[in-house]
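Comments concern the structure below.
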Amino acid sequence: MKQERGFATLAVHAGEVPDPNTGASSPNLVMSTTYVTDPDVSFSAEDFGENTPFIYTRWGNPTIAQLEQKLAALEGAEAAIAFASGMAASTGLLLQFLLPGDHLIIADVSYAGVAEFAKDYLPARGIEVSRVDLSDPQNLQQALRPNTRLVYAETPANPILKLTDIAAVAAITHQAGARLIVDSTFATPVATRPLALGADFVVHSLTKYIGGHGDAIGGAVLGRAADLAILRKEVSIHLGGIISPFNAWLILRGLATLPIRMRAHEENALALARWLEQHPQVQRVIYPGLASHPQADLARRQMQNFSGMISFQVKGDAAALARRFAERLEVIHYAVSLGHHRSLIFYLATRDMLRTSFTLSEAQEATYRRFAGDGIFRFSVGLEDAADLIRDLEQAFA
């Protein structure tokens, strides 16, 4: 019986074999759009299957296939599909498994692009959407309807680092005959493997920690092979939101160091979070690795790594401080995105985040402000020396 490999070994080797022709140890970058094939092979998506050879890169590509195999191994999934972006992955999944008349429950705090898509695009096409605070599983129980088909959670949630108890939410979702999607971009499979906790699908923006270097955009959906075979045929092949082989190759390269990068991100983030908690100009720090996080017990139970994302609120004029950060920071980049090897910081006004999403109930807004206040700085702590990051923030605060 073949012994199961450890996570770090899978990160380096899963999906990869030396090239049989050249002996090359590293994965090949295959940029070809088309492949010499047998005349009996059908060029119809209806005939696409597990054993279909490479025909055309929109259908499949050797480099992309290696990335998908590695992702599946790390998440403990039967299969994975790589997409051109995290948004392509999320929207493709929702479009495939929702029909007019269906009901979607989405977390009240979700990535802005997905929240806007659920707010505007889906209802215009006959899909009912409810925004629910999934930090309390009972809220989900009360929001379920007979026509609920999907529940979409994000944990930790972007940008306020609110958590969802995946196992509890999965049990309630399945009892209602619906399926659970978990966006695990902030956590990565180093911290949390949602499928093992009962989720049906996992979504990642590969642009973030999994790629890790800020130089390639991509997304992925992982889950059961039968579900993903449908998704590949109908969404990848017919809608065409496939990842570039070059981006897949860059992300594949980044994945090999994911375990050691995430340990370093966590170590730096914990040091910065503790420093920020003591800073006289900081009102509050939100980080799952701190005892002060509102869901610290759940974080310890559900996450094996607390990642590198910190949110913090400041005293006084946050917008003015954001301008000073943009002007004065030397090591940290004042920029959007996250999960890169370099540190990034950006100010997010709560009122702007609320405006781009659904109208919140009083209870939902109270929960949101419990985490986010009137605005937060989202800090993606990179791999620099923690002492340099502290000095950079100190001189910018001054």
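Along the sequence shown, residues carry numbers from 1.
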Evaluation steps, salt bridge (charged side-chain N to carboxylate O under 4.0 Å, His left out), between Arg301 and Asp165 = CA-CA 9 Å; Arg301 187 169 76 249; Asp165 186 331; 3.0 Å; yes
request  = Determine, step by step, whether Asn305 and His265 satisfy the side chain to side chain donor-acceptor pair (under 3.5 Å) criterion, reporting the C-alpha distance in whole Å, the side-chain angles of both residues, the deciding distance to 0.1 Å, and the verdict.
outcome  = CA-CA 9 Å; Asn305 176 285; His265 281 298; over 6 Å; no
message = Run the ring-ring contact (aromatic ring centres under 6.0 Å, His included) test on Tyr287 and Phe312 for me, step by step, so that the C-alpha distance in whole Å, both residues' side-chain angles and the decisive distance to 0.1 Å come before the verdict.
response = CA-CA 9 Å; Tyr287 180 65; Phe312 64 93; over 10 Å; no
message = Would Arg261 and Glu266 count as a salt bridge (charged side-chain N to carboxylate O under 4.0 Å, His left out) here? Give the steps.
response = CA-CA 9 Å; Arg261 284 191 288 106; Glu266 179 189 51; over 6 Å; no
key: Steps toward ring-ring contact (aromatic ring centres under 6.0 Å, His included) verdict (Phe377, Phe346)   = CA-CA 6 Å; Phe377 285 89; Phe346 199 76; 9.2 Å; no
key: Test side chain to side chain donor-acceptor pair (under 3.5 Å) applied to His103 and Ser130, step by step   = CA-CA 8 Å; His103 177 228; Ser130 297; 2.7 Å; yes
inquiry  = If you apply the rule side-chain contact (heavy atoms from CB on, under 4.5 Å), what do you find for Arg300 with Phe306, and how did you get there?
reply    = CA-CA 9 Å; Arg300 286 193 295 270; Phe306 297 123; 4.2 Å; yes
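Using a cut-off of 4.0 Å between Lys/Arg side-chain N and Asp/Glu carboxylate O, Arg284 and Glu277 are scored as not salt-bridged. Looking at Arg232 and Glu68, a side-chain N of the basic residue comes within less than 4.0 Å of a carboxylate O on the acidic one, giving a salt bridge. Under the 4.0 Å criterion applied to side-chain N and carboxylate O atoms, Glu384 and Arg342 are not assigned as salt-bridge partners. Taking the charged nitrogens against the carboxylate oxygens, Lys162 and Asp133 do have a contact shorter than 4.0 Å, which makes a salt bridge.
No donor-acceptor distance shorter than 3.5 angstrom exists from the side chain of Gln66 to the backbone of Pro27, with no hydrogens or angles considered. Put simply, the side chain of His174 gets close to the backbone of Ala170: a donor and an acceptor are under 3.5 Å apart. Side chain of Lys70 to main chain of Ala11: a donor-acceptor pair is present (N/O by atom type, distance under 3.5 Å, no hydrogens or angles). The main-chain N or O of Gly218 is never found under 3.5 Å from a side-chain atom of Asn247 such that the two would form a donor-acceptor pair. Formation of a donor-acceptor pair under 3.5 Å by the Thr173 side chain with backbone atoms of Arg179 is not found in this model. A donor-acceptor pair under 3.5 Å links the side-chain atoms of Gln395 to the main chain of Asp392, judged by distance alone. At distances below 3.5 Å, not a single donor-acceptor pair connects side-chain atoms of Asp385 with backbone N or O atoms of Asp388. Side-chain N or O atoms of Ser343 include one that pairs as donor or acceptor with a backbone N or O of Gly382 at under 3.5 Å. At distances below 3.5 Å, not a single donor-acceptor pair connects side-chain atoms of Glu75 with backbone N or O atoms of Leu195. At distances below 3.5 Å, at least one donor-acceptor pair connects side-chain atoms of Ser380 with backbone N or O atoms of Gly339.
Pairs passing the side-chain hydrogen bond (donor to acceptor under 3.5 Å, both in side chains) check and including a residue from residues 184-199, sequence neighbours excluded, read Asp183-Thr185. Applying the side-chain hydrogen bond (donor to acceptor under 3.5 Å, both in side chains) test to every pair with at least one member in residues 83-94, sequence neighbours left out, gives these pairs: Ser90-Tyr152.
Asp102 pairs by the side chain to side chain contact (heavy atoms under 4.5 Å, CB included) definition with Leu98, Leu99, Arg149, not counting sequence neighbours. The side chain to side chain contact (heavy atoms under 4.5 Å, CB included) test applied to Val30 returns Asn28, Ser32, Tyr35, Asn61, Pro62, Thr63, not counting sequence neighbours. The ring-ring contact (aromatic ring centres under 6.0 Å, His included) search around His213 returns His341, not counting sequence neighbours. Under the rule for a side chain to side chain contact (heavy atoms under 4.5 Å, CB included), Ser25 has no partner lying at least two apart in sequence or in another chain.
Atom CD1 in Ile376 sits 12.0 Å away from atom CD1 in Ile310 (nearest 0.5 Å). Taken from CZ in Phe201 to CG in Leu228, the straight-line distance is 6.5 Å, to the nearest 0.5 Å. From Leu338, atom CG reaches atom OG1 of Thr207 across 9.0 Å, with rounding to the nearest 0.5 Å. Rounded to the nearest 0.5 Å, atoms CD1 (Ile81) and CD1 (Ile237) are 9.0 Å apart. The CG atom of Leu95 lies 10.0 Å from the CG atom of Leu231; values are rounded to the nearest 0.5 Å. The structure places OG of Ser110 at 8.0 Å from CG of Leu134, a figure rounded to the nearest 0.5 Å.
For CZ of Arg145, the number of neighbouring non-hydrogen atoms (other residues, nucleotides, ligands) closer than 6.0 Å is greater than 12. Around atom CD of Glu16, more than 12 heavy atoms belonging to other residues, nucleotides or ligands sit under 6.0 Å away.
Of the candidates Thr164, Asp200, Ile105, Val151 forms a side-chain contact (heavy atoms from CB on, under 4.5 Å) with just one, namely Ile105.
Residues Gln313 and Val282 form no side-chain contact, since every pair of their non-hydrogen atoms from C-beta on lies 4.5 Å or further apart. Using a 4.5 Å heavy-atom cutoff, the side chains of Ile181 and Pro194 are not in contact.
Aromatic ring pairs are classed by plane angle as parallel below 30°, tilted from 30° to 60° and perpendicular above 60°; the pair Phe117 and Tyr121 is parallel.
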